[in-house]
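Single-structure report; data block below.
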Amino acid sequence: MEKTFKYWQWRVIISSMIGYAMFYFVRKNFSFAIPILNEQYGISNASFGIIMSLGGLIYGVSKLVNGILADRTNARWHLVVGLSVCVLTSFLFGFSDRISTFFTGTSEGAPFINGMVIVMAVLYIINQIFQGCGFAPCNHLMVSWVPPKELATKMSIWNTSHSVGAFVVAVICGYLTSWQLCFWVPAAIAFVGIFFIILTLRDTPKSVGLPELPKVKGEIDDTEQKDPKAFKEFLLKKVFLNPVIWVLAITDLFVYIVRFAILDWGPSLLSDMGLSQSLSGWTVAIFEVAGCAGMLFAGYISDKFFKSRCQRVCAIELGLVAVCLVALHFVQDAGMPVLFLILLALAGFLIYGPQALLGVTAANIATKKAASSAVGLIGFMSYLSTIVTGVGFGALADKFGGWGWIFITMGGLSVVGTVLIFSLWGLKEGTGE
C-alpha cells in the first residue's frame, strides 16, 4: 500500500507540475510581445502597465475565489477548464489587430491603435480570470497527497513548475519573429497540455482507492466540511480572521512586487540596456533557473534544518534580496552586464524561496481542508502588487527614462517584508500560535 501511495503521490506531483507550467505558456508570453508591439505600433509602456495591473487585480480575485472552490471541487477538471479558456484567449490575442480593424473599420491611426489596446485588455482580463484555475487546485492536490512534515520540500519541488514554464516560454518567445507568434506558438503547446492533464492526473487518494492522509489537530472532518455553516466558521477561524495568515499575505505582496517587476518588465528593461530580443529572453530565463534552484534549496533546508519552520528561511532570504536589488541599482549603468546578470540570478535564487514557502506555512496552519482558501487569500493580496509593478513602474519608466530607482524601491519594500515575516520567527509550524 505504501509503495502504491508513493507512486501516485509522485505521479500527481509531476503531472500537476507539467499542467501548471502550461498555464505560464499562455500567461507570460504577453511580456515578450510588448517590446515588438511597442516598436511596431508605438503603444506606450504605461498602456501596457494599465493592462497588466487590471489583469493582475482580476487574477488576484480569481485566486481567492478559486482557492475557496478548490477545497471542494475535483482538481483535475478544475485545471482542464481553466487551461482550455486560457489557450483560447492566447490564440485570439494573435488576431488583436484584425479584431480591431473589424470594429474600427481601419488598420492604422489612433482609432485602430486604441481599438487594439482595448481588445488586448479584454482578452488579458479574461485570461487572468481563468488563470486563477491553475494554482488553487494544484495546491489542493499537494496538501491532499503530501503530509505537513514533507510539504516544504515537495511543495518547493512542485513550485519549480512556475520557473520551468516561465523559462521555456522565455526561450521560445526570444526566438520568435512576430508578436502574433508569441501568442500562437505557446498556445499550441499548452493545447496539448490539456489532454496530458486529463490522461495522467487524478484528484485525492480516495479517487484511486487509497486512504486519505491522517487528520491533523484543528482540522474538520469530511462531514463538517459538507456542512456550509460549519465550513464557513472553520474558514473564518483558520483563514480570514487569522492574523498570522494576514502577515504572510502582506509579506507575499512585497515578494511579488520584486518577482513581477523582473518578469513583466525584464524584456523591456534589458532591451533598453541594448540586449537583443533573444539575449533578453535568455537573461530572464536564467532568473527563473536560479529561482528553481533557490526554491529547492529553501524547501530542503526548511525541513532539514529548521524543522519545517519555513518563515525563518523566508526572513533570511528576503533580507538578502534587498541587498541584491540595491546592488543592481548601482551596477545597471556601470557597463558590467556579466555582474548585472550574476546579481539578477542571485536575486532570483533568493526571492523564489519565500515565494514558495509563505504558501507552505499558510497551508500547514490552515490544514488540508482550508489550505487552498488560505493560499487563495495570500494570492489575492500578492496580486495587488500589479498596481505597483504595472501602472506604477510603467509610468516611472516612461517619465524618468530608466529603471534605476525602481530597483531602490523594490529593495525598500523587501526590507519591509523582511521585518514583517521576522515577526513570525517563533511561530510553531502548523499551529498559528
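Since this is a predicted model, take the numbers as computed values, not measurements.
Panel note: side chain Ser100, backbone Asp97; no donor-acceptor pair is recorded below 3.5 Å. With Glu212 contributing its side chain and Lys206 its backbone, the two residues share a donor-acceptor pair below 3.5 Å. When atom types are taken as modelled, the side chain of Asn38 and the backbone of Ile34 share no donor-acceptor pair closer than 3.5 angstrom. The closest donor-acceptor contact from the side chain of Asn66 to the backbone of Ser62 lies under 3.5 Å. Side-chain atoms of Asn159 come within 3.5 Å of backbone atoms of Met155 as a donor-acceptor pair (strictly under, hydrogens ignored). Using a distance-only test at 3.5 Å, with no hydrogens or angles considered, no donor-acceptor pair links the side chain of Arg202 to the main chain of Val208. Proximity of a side-chain donor or acceptor of Thr251 to a complementary backbone N or O of Val247 within less than 3.5 Å is detected. Side-chain N or O atoms of Ser90 include none that pairs as donor or acceptor with a backbone N or O of Val87 at under 3.5 Å. Remark: side-chain polar atoms of Arg259 are not paired, donor with acceptor, to backbone N or O of Gln355 under 3.5 angstrom. One N or O on the side chain of Thr73 and one on the backbone of Leu69 form a donor-acceptor pair closer than 3.5 Å.
Side-chain contact check for Ser372 and His140: no donor-acceptor pair (N or O, by modelled atom type) lies under 3.5 Å.
Within the 4.5 Å cutoff, no side-chain heavy atoms of Leu213 are placed close to those of Ser144.
Counting non-hydrogen atoms of other residues, nucleotides and ligands closer than 6.0 Å to CD of Glu150 gives a total above 12. The local environment of CZ in Phe240 is crowded, with over 12 non-hydrogen atoms from other residues, nucleotides or ligands closer than 6.0 Å. More than 12 non-hydrogen atoms from other residues, nucleotides or ligands lie less than 6.0 angstrom from CH2 of Trp8.
In this structure, Arg27 fails the cation-pi test against Phe23, since its NZ or CZ atom is not both closer than 6.0 Å to the six-membered ring centre and inside 45 degrees of the ring normal.
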Ignoring hydrogens and angles, write down the donor-acceptor pairs under 3.5 Å from the side chains of residues 176-194, residues two or more places apart or on other chains.
from	atom 1	to	atom 2	distance (Å)
Ser178	OG	Leu181	N	3.2
Trp184	NE1	Phe91	O	2.9

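With values rounded to the nearest 0.5 angstrom, Leu79 atom CG is found 8.5 Å from Cys133 atom SG. Put simply, CG on Leu296 and OG1 on Thr153 are 9.5 Å apart, with the number rounded to the nearest 0.5 Å. Note that CD1 of Ile250 is 12.5 Å distant from OG of Ser382, once rounded to the nearest 0.5 Å. Taking CG of Leu201 as the reference point, atom OG of Ser15 lies at 5.5 Å (rounded to 0.5 Å). From Leu54, atom CG reaches atom OH of Tyr124 across 10.0 Å, with rounding to the nearest 0.5 Å.
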Evaluation steps, ring-ring contact (aromatic ring centres under 6.0 Å, His included), between Phe297 and Phe349: CA-CA 9 Å; Phe297 174 77; Phe349 180 90; 5.7 Å; yes
Pair Gln131-Lys63, side-chain hydrogen bond (donor to acceptor under 3.5 Å, both in side chains): steps then yes or no: CA-CA 8 Å; Gln131 284 283 341; Lys63 285 192 78 170; over 6 Å; no
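Under the 30°/60° scheme for interplanar angles, the aromatic rings of Tyr41 and Phe112 are found to be tilted.
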